[in-house]
There are 2 protein chains.
Amino acid sequence: MRDVAQAFVPGHVTGFFTVDLAEDPTEAGSRGAGLALSEGVTVTVRPSEDRELRLNGEAVSVAAVHNVLDALRAGGQVRAVTDLPVGAGFGVSGAMALGTALAANAVFERGLSAYELATIAHGAEVQADTGLGDVVAQRHGGVPIRLEPGSPQVNKMDAVPERSRVEYVTDGEVPTAEVIGGDTDLITQAGTQSLSDLVRDPTLSTFVETSRRFARETNLLTEWVHDVVRDVSAAGGEATMGMLGQTVVALGTGLSDAGYDPSVCQVDPTGATLLAPPTDPTLPE
Amino acid sequence: MRDVAQAFVPGHVTGFFTVDLAEDPTEAGSRGAGLALSEGVTVTVRPSEDRELRLNGEAVSVAAVHNVLDALRAGGQVRAVTDLPVGAGFGVSGAMALGTALAANAVFERGLSAYELATIAHGAEVQADTGLGDVVAQRHGGVPIRLEPGSPQVNKMDAVPERSRVEYVTDGEVPTAEVIGGDTDLITQAGTQSLSDLVRDPTLSTFVETSRRFARETNLLTEWVHDVVRDVSAAGGEATMGMLGQTVVALGTGLSDAGYDPSVCQVDPTGATLLAPPTDPTLPE
């Protein structure tokens with residue numbers, strides 16, 4: 001057993017998605033596309049008798065994280081820290097689940113592979129009804145395109161080969177469970193169409209365009225998001241809704257140019273990863 | 001058309017591998033495992049009438065790169081820069097092919113996806129007889145395990161969820177084509193066994209151990225490599241041969257501890273990626 005392990009998992013904003021249910025939670029999931037963000041969640045796991053979970057210093061209960069710890073037969077103190085808005089469509093619960101899986105595997109020396117750990121985190125998130133595609137996208141990094149649903153051991157991925165500055169503003173939350181538990185035929189139909197169009201032209205511009213159409217066609221677009229996106233377009237920028245949140249994401253300086261005061265980050269090219277052990281002084285810069 | 005685009009592709013040392021031939025070069029390839037390295041190749045592509053390819057300032061001809069440019073119907077000036085030893089098992093040709101694909105796609109706005117570009121680079125490298133698994137591993141980053149051969153669009157991946165300092169020394173080259181063109185049954189048999197053992201315990205220690213056994217059983221181990229690996233073991237470290245090169249890689253401070261003066265880098269968690277456009281002043285740090 002090790003004293004401590006740390007993982008960083010990027011945030012993930014979804015542009016469009018489908019709902020692909022299945023009996024087996026590791027085969028359930030979603031197709032779609034999004035942006036992995038350099039803002040993310042840092043998860044630190046230490047061994048302890050009792051389970052303890054904190055997010056930004058406050059005790060929280062996150063079902064997906066508990067499911068992960070159950071699957072790894074791990075106690076442990078889990079500390080998650082993030083600057084991302086919580087419950088606003090940035091995949092914080094998925095990041096906590098995946099970061100916990102990576103760090104707990106290291107601390108308790110469970111000997112699981114990267115994809116096995118992502119499968120556990122994905123299944124945990126699906127079972128908790130808190131997400132369908134974030135964990136897969138967060139493991140991958142970049143601008144992931146989820147061609148086939150399910151865990152990284154069964155799905156099929158691609159990606160948009162671009163980087164960008166990303167700006168976002170947010171104004172509250174849309175509970176994931178309500179949407180993915182409701183009538184999802186319209187969502188899956190629109191998501192499938194957007195996916196097909198993005199695959200034909202895998203660029204960031206087309207990602208934003210197909211995402212915006214998805215938000216309109218699924219009626220998920222709120223009035224507030226609609227107005228902000230319109231302002232960005234009027235200023236010559238590209239923006240769309242971050243699913244599922246009261247959130248607008250823009251490429252480049254889209255929101256700043258439209259007079260907003262956004263948070264700023266960029267596309268994270270790496271995906272979820274263990275951080276260098278704080279105790280390893282041998283790592284070069 | 002853009003003025004310039006740049007990509008970074010990590011080096012890749014192979015620990016063990018199989019040779020899986022197929023009619024279609026995108027389905028041919030190899031299973032196995034290796035380390036993606038923070039030392040890699042930076043490729044810069046600019047439009048130009050004539051093709052021009054330079055490696056560290058010197059004009060070179062690299063078949064895999066020409067194949068990539070052919071596939072993308074691209075002219076262009078390609079400048080590759082690396083601190084890695086060339087022809088010593090660090091995947092420099094694969095890195096040049098993949099970096100050229102990413103950067104040329106951006107410059108000439110070909111609109112291909114990340115996996116399509118990796119497929120082109122993989123096929124180009126296979127057709128040039130210069131590698132079977134590097135491009136796939138370099139696209140992935142980390143400590144990639146190639147479970148099934150072929151391009152990223154048909155293969156199956158996993159990874160060892162660990163980071164480490166990596167040290168290496170090198171003493172000349174072993175031509176890839178001679179080995180992968182020769183009798184490969186023994187290689188594939190030993191590689192399959194090592195893969196199976198690593199999948200059972202996907203840790204860095206087991207990676208080194210299974211790689212060392214592969215080098216012995218395939219008779220690819222040279223006397224020089226054997227002696228260096230023995231020195232590292234005697235000093236309590238873990239080292240193995242970098243395939244296919246007169247190269248020894250060690251985890252942590254293995255080579256330093258044994259009295260060598262190695263090059264030092266670390267596992268690269270990211271994989272091949274476009275670099276921020278030098279002309280984009282909006283990117284945050």
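The sequence lines fix the lettering, A, B, ..., with proteins before strands; numbering per chain opens at 1.
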*Checking heavy atoms, do the side chain of A:Leu112, its backbone, both or neither come under 4.5 Å from chain B?*
backbone
*Can you say whether B:Ala106 sits under 4.5 Å from chain A via the side chain, the backbone, both, or neither, judging by heavy atoms?*
neither
*Relative to chain B, which of A:Ala7, A:Ser256, A:Gly111 shows the most heavy atom pairs under 4.5 Å?*
A:Gly111
_By ring-ring contact (aromatic ring centres under 6.0 Å, His included) - contacts of A:Phe108 (at least two apart)_ = none
*Between A:Val160, A:Asp268, A:Leu274, A:Asp158, which has the largest tally of heavy atom pairs under 4.5 Å with chain B?*
A:Asp158
*Answer with side chain, backbone, both or neither: which region of B:Leu198 has an atom nearer than 4.5 Å to a non-hydrogen atom of chain A?*
neither
*Counting only heavy atoms closer than 4.5 Å, note whether A:Leu102 contacts chain B via side chain, backbone, both or neither.*
side chain
*Where does B:Arg139 contact chain A at under 4.5 Å (heavy atoms): side chain, backbone, both or neither?*
side chain
_Top contributor to chain A contacts, counting heavy-atom pairs under 4.5 Å, from B:Lys156, B:Gln153, B:Met157, B:Glu162_ = B:Met157
_Contact class of A:Asn105 relative to chain B, heavy atoms under 4.5 angstrom_ = side chain
*Look up atom CG in B:Leu251 and atom CZ in B:Phe207, then write down how far apart they are to the nearest 0.5 Å.*
8.0 Å
*Describe, in one word, how the ring planes of B:His140 and A:Tyr115 are oriented to each other, choosing from parallel (under 30°), tilted (30 to 60°) and perpendicular (over 60°).*
parallel
*Grab the two heavy atoms, one from B:Gly29 and one from B:Pro149, that are nearest each other, plus how far apart they are.*
C-CB, 3.9 Å
*Should B:Arg146 and B:Glu148 count as an ion pair when the cut-off is N to O under 4.0 Å?*
no
_Could you report the tightest heavy-atom contact between B:Val41 and B:Ala80, atom names first, then the distance?_
CG1-CB, 3.8 Å
*Look up atom CZ in A:Arg213 and atom OG1 in A:Thr206, then write down how far apart they are to the nearest 0.5 Å.*
10.0 Å
